[in-house]
**Q** 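Mind looking over this structure? Questions follow.
Throughout, protein chains are lettered first and strands after them, A, B, ... in sequence-line order, and every chain is numbered starting at 1.
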Amino acid sequence: VSSVALGRASWRHPELAAAAVAGGAWAVLVAHSLQPHPWPEPYVAALSGWVVMAAAMMVPGALADVRRVALASMWHRRQRTIAIFLGSYLSAWIAFGVVALALTGWTGLGAGVALGLAAAWELSPQKWRAVRRCHLVEALPPRGLQADAACGRAGLRYGWRCIVACWPPMLAMAAAGHQALALMALLTAIVAAEKIVVRSARLRGPAAALLAGAALLVLA
Amino acid sequence: MRDTQLVADPLIRRDAWSLQREAGTWHPIMRAYALAVGLMQQRQDDDVTSWTFQAEIHASDCQHNTWYFLPWHRMYLYWFERVVRAAALEHEDVPDDVAEQWALPYWNYDGGGETARLPDAFREPKLENGDDNPLFTERRSPRVLRGEPLDPRIISSRDAMAEGFFALDPDPGETVGFGGPVTGKNHFGEDANAAPGGLEMTPHNDVHVAVGGSRGLMVNPLTAAYDPIFWLHHSNVDRLWVEWLGLPDRENPTESAWSGETFPFHDEEKNEVSSSAATVVDLGELGYEYEQVEVPAILAAGAEEGSPMPTERPPDHPPELVGASAEPLSLYGQEERVPIDLAQPSGPALLTDEGALEPERVYVNVEGVEADENPGVVYGVYVNLPDDQDPGTADQFHVGNLSFFGVELASDVKRDHRGGPGLRYAFDISGLVKQLKDEDRWNPGQVTVTFSPLSEPEVEEGEGARPSVKIGRVGIYYQ
């Protein structure tokens with residue numbers, strides 16, 4: 001019965017698979033924090049952790065848009081659409097991670113300073129225009145390579161807009177590392193709420209206060 | 001809500017054309033409206049009872065593409081009517097008995113004969129005494145100002161009346177009901193479900209655009225309520241809601257999310273007030289009624305038989321896309337035919353072990369509609385219009401209209417936004433598809449959607465290139 005119910009639920013919510021990816025990423029990060037495995041080289045460790053962290057933090061806020069894109073695709077292409085869209089979306093975040101990890105490594109920029117930047121960014125109109133642009137995912141062609149290519153471009157564009165919206169908190173995570181689970185949970189909640197809640201610009205004050213508080217805690 | 005203006009009998013919102021037939025252009029009720037509007041226009045902009053303040057409420061707070069569309073505009077009209085009545089009482093040239101009983105007239109453009117023309121009180125530049133007429137503005141379509149009638153396809157509420165449900169909670173592809181989709185508060189594009197309901201599309205949106213033309217007040221939600229005819233248009237839309245409720249099995253939503261959501265306004269004493277759908281669903285409580293409320297005969301006689309659209313709830317599974325245009329297209333005022341290849345449904349709801357099932361519903365979706373400004377052209381949407389047929393004589397293939405009201409706001413990232421880019425319109429073409437199948441004229445492999453302007457675009461003096469509207473995709477969904 002449960003598999004039938006799950007199957008019916010997936011008719012209306014094809015994004016369940018994407019939610020499972022995010023859940024799996026969280027499980028990996030929690031497991032890794034409990035039993036850390038040594039990596040041969042710190043940057044590789046940080047980058048590997050970043051890839052999992054990007055999936056854990058950035059997929060939850062994208063689920064509603066992923067659902068809409070999938071439901072507007074042909075049925076047999078729904079999961080393919082989700083895979084291409086999320087793949088290119090996360091590729092953008094991985095590219096950001098490569099730069100952010102290098103930057104924080106070379107400059108010694110700490111998570112506290114980056115969280116302070118994030119608090120200030122919350123109060124800028126550019127941040128909120130970028131959040132709104134995230135949702136402007138255009139309708140895709142129906143079939144073939146043309147659909148795949150358009151979907152890939154849409155995912156990259158979506159990723160770029162999300163980077164503009166959320167780069168300071170993710171810079172903080174690049175500095176803090178993927179084992180800072182409490183900070184990761186806080187930032188995921190803020191980032192996801194800002195993308196999901198209607199008229200989310202109302203959250204700018206509380207979000208800025210939370211980020212400033214986190215910055216002070218880290219700097220203390 | 002009537003406690004501050006208690007009257008024994010309900011006020012009657014009169015038909016603007018019946019007023020004109022009764023006492024000419026300047027019937028006392030219309031004259032009182034003109035003088036009260038003139039008084040409000042003289043007030044400071046920050047006075048909540050000024051014309052500017054009242055019009056700006058629409059610019060900043062109006063609810064469109066949502067199930068709050070009808071109740072919000074009823075609230076808006078109710079408080080506006082009280083402000084105008086108070087202004088009429090204040091004006092020394094309005095007789096007290098007229099002012100005390102004054103209620104907002106309505107423009108029933110679909111009343112037959114001359115009613116499709118703008119009433120004369122809105123076309124005369126001067127009042128009887130030679131003063132400027134506050135009800136007149138040149139910022140309307142030249143056609144409308146010349147007294148030409150609106151196209152009958154623009155003003156008909158027949159398709160809207162055939163909608164069986166006030167609101168639906170749609171998945172991508174589905175239509176959204178008579179009054180609009182289940183959403184949170186939605187100015188234009190904040191909610192991912194945002195799309196206009198049947199009545200909002202036609203006649204509401206279409207009349208806005210046809211009256212406004214390319215440069216008028218009515219064509220843009222930010223300026224629409226500055227045109228005095230706006231209020232009579234919405235009075236008629238409100239009246240059509242009453243008519244719809246008179247049809248068999250029609251009812252308002254019962255969800256508290258609809259009835260309990262509150263919206264702020266001001267009364268004629270400048271007090272802050274708030275209203276919700278629960279406080280405006282009963283016209284008796286509000287203290288007004290309409291001069292004429294008719295249940296459309298064809299629907300009243302046999303709601304199912306005469307209805308061009310189904311009145312059962314849609315199937316309990318999401319629609320699936322079976323074909324779409326591969327490239328965006330632009331409309332500049334020309335006719336555009338969009339051939340769409342259709343595939344067999346591939347989802348488990350319609351493709352079972354026994355083979356492909358016939359869809360209960362077929363929808364045309366026009367998605368990702370964007371423009372920097374509304375070009376002021378209403379397009380008819382046709383499905384499988386024969387190549388040699390003039391759209392003007394092709395009602396059989398006409399499935400609805402596109403007028404793009406609010407298109408300039410729908411992708412504006414300076415405003416809150418959660419939907420896709422631009423506007424979405426959905427048309428239920430199940431009835432037409434069934435008919436074409438019965439006549440053996442339905443090709444399951446291809447459909448053609450035609451957009452045809454319902455009137456020749458009118459180029460105004462000094463006007464440059466006509467703005468275009470971009471349509472992201474035209475999709476066909478089965479359910």
**Q** Asp341(B) versus chain A, heavy atoms under 4.5 Å apart: side chain, backbone, both or neither?
**A**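 Both backbone and side chain of Asp341(B) come within 4.5 Å of chain A.
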
**Q** Would you indicate whether the side-chain heavy atoms of Asp316(B) and Arg12(A) approach each other to under 4.5 Å?
**A**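 Yes, at least one pair of side-chain atoms sits under 4.5 Å.
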
**Q** Looking at side-chain heavy atoms only, is the closest gap between Leu140(A) and Glu367(B) below 4.5 Å?
**A**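 No, too far: nothing below the 4.5 Å cut-off.
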
**Q** Chain B: which of Ala139(A), Pro125(A), Ala147(A), Gly144(A) shares the most heavy-atom pairs with it under 4.5 Å?
**A**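 The residue among Ala139(A), Pro125(A), Ala147(A), Gly144(A) with the greatest pair count is Ala139(A).
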
**Q** Between Gly475(B), Ala349(B), Ala343(B), which shows the greatest number of heavy-atom pairs under 4.5 Å with chain A?
**A**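 Sorted descending by pairs with chain A, the first entry is Ala349(B).
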
**Q** With a 4.5 angstrom heavy-atom cut-off, is it the side chain or the backbone of Pro348(B) that approaches chain A, or both, or neither?
**A**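 The answer is both parts of Pro348(B).
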
**Q** Can you tell me if CH2 on Trp442(B) sees more than 12 non-hydrogen neighbours from other groups inside 6.0 Å?
**A**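 Yes, CH2 of Trp442(B) has more than 12 neighbouring heavy atoms, counting only those of other groups under 6.0 Å.
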
**Q** Check whether more than 12 heavy atoms from other residues, nucleotides or ligands sit under 6.0 Å from atom CG of Asp169(B), and answer yes or no.
**A**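 More than 12 within 6.0 Å, yes.
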
**Q** By a 4.5 Å heavy-atom criterion (distance strictly below it), what part of Glu327(B) contacts chain A: side chain, backbone, both, or neither?
**A**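 Just the side chain, heavy atoms under 4.5 Å.
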
**Q** Out of curiosity, Glu320(B) CD to Arg77(A) CZ, how far, rounded to the nearest 0.5 Å?
**A**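 The CZ atom of Arg77(A) is 14.0 Å from CD of Glu320(B), to the nearest 0.5 Å.
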
**Q** Got more than 12 heavy atoms from elsewhere within 6.0 Å of CZ, Arg80(A)?
**A**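 No - once you tally the heavy atoms of other residues, nucleotides and ligands closer than 6.0 Å, there are 12 at most.
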
**Q** Take a 6.0 Å sphere around CD of Gln344(B) and say whether it holds more than 12 heavy atoms from other residues, nucleotides or ligands.
**A**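 Result for CD/Gln344(B): open.
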
**Q** Using every non-hydrogen atom in the two residues, find where Met74(A) and Val322(B) come nearest and quote the distance to one decimal.
**A**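 Where Met74(A) meets Val322(B) most closely, the heavy atoms are CE-O, 3.2 Å.
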
**Q** Could you have a look at Ala72(A), Cys134(A), Pro141(A), Ala150(A) and say which one has the most heavy-atom pairs with chain B under 4.5 angstrom?
**A**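 Sorted descending by pairs with chain B, the first entry is Ala72(A).
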
**Q** Give, for atom CH2 of Trp75(A) and atom CG of Leu351(B), the distance between the pair rounded to the nearest 0.5 Å.
**A**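 Here the interatomic distance stands at 10.5 Å.
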
**Q** Minimum heavy-atom separation for Gly323(B) to Arg143(A), with atom names?
**A**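 Here Gly323(B) and Arg143(A) meet closest at CA-NH2, 4.3 Å.
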
**Q** What part of Ser325(B) is in contact with chain A, defined as an atom under 4.5 angstrom from a non-hydrogen atom: side chain, backbone, both or neither?
**A**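 The backbone, not the side chain.
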
**Q** Checking Arg78(A) against Leu321(B) for the side-chain contact (heavy atoms from CB on, under 4.5 Å) test, could you report, in this order, the C-alpha distance in whole Å, the side-chain angles of both residues, the deciding distance, and whether it holds?
**A** CA-CA 10 Å; Arg78(A) 286 179 176 184; Leu321(B) 183 78; over 6 Å; no

**Q** Does Pro172(B) offer a backbone N or O that forms a donor-acceptor pair with the side chain of Arg68(A) under 3.5 Å?
**A**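 Flag not set: sc Arg68(A) to bb Pro172(B) has no pair under 3.5 Å.
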
